[in-house]
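First up is the structure itself, then whatever we jot down about it.
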Amino acid sequence: MRKRWKLSPKTTMTDAVHAESSAVPRAAVIARRLQVLEMEAAVQRTTLAATLGQWQQHRTLTWVLQAAKMAGGALASPTARWLLTAVVMRLIRGRRA
């Protein structure tokens with residue numbers, strides 16, 4: 001006769017603790033449930049931290065690219081280039097005097 005499993009492959013970690021509770025003392029069941037919940041919380045915290053890290057990195061990269069596009073667009077006009085040249089020349093002359 002084949003051995004029947006108490007748990008299906010689709011059960012969660014918490015379901016496994018519930019299935020074992022009939023043969024184990026109440027204090028042990030509570031301790032095991034707490035341990036399982038702590039492990040699940042740790043996994044969720046790690047996943048959340050990784051996701052937020054990726055979002056932060058993406059936003060930073062987006063901001064840098066937008067700033068570079070704005071700077072490139074501003075320097076593309078002759079007026080902006082003339083103003084930048086005039087400011088740099090004034091700074092250079094001001095240091096010599």
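Note that this is a predicted model, so its numbers are computed, not measured. Below, each value reflects all heavy atoms present in this structure, side chains not excepted, and no hydrogens, waters or symmetry copies.
When all heavy atoms of Ala80 and Ala74 are compared, the closest pair comes out as CB-O, 2.7 Å.
The line from CG of Leu75 to CE of Met70 is 11.5 Å long, rounded to the nearest 0.5 Å. Leu34 contributes atom CG, which lies 10.5 Å from atom CE of Met39 (distance to the nearest 0.5 angstrom). Taken from CG in Leu52 to OG1 in Thr47, the straight-line distance is 11.0 Å, to the nearest 0.5 Å.
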Legend entry - Leu48 vs Gln44, side-chain contact (heavy atoms from CB on, under 4.5 Å): CA-CA, chis, key distance, verdict: CA-CA 6 Å; Leu48 181 62; Gln44 289 176 356; over 6 Å; no

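The closest side-chain heavy-atom distance from Glu40 to Val36 is below 4.5 Å. Between Gln66 and Lys69, every side-chain heavy-atom pair lies at or beyond the 4.5 Å cut-off.
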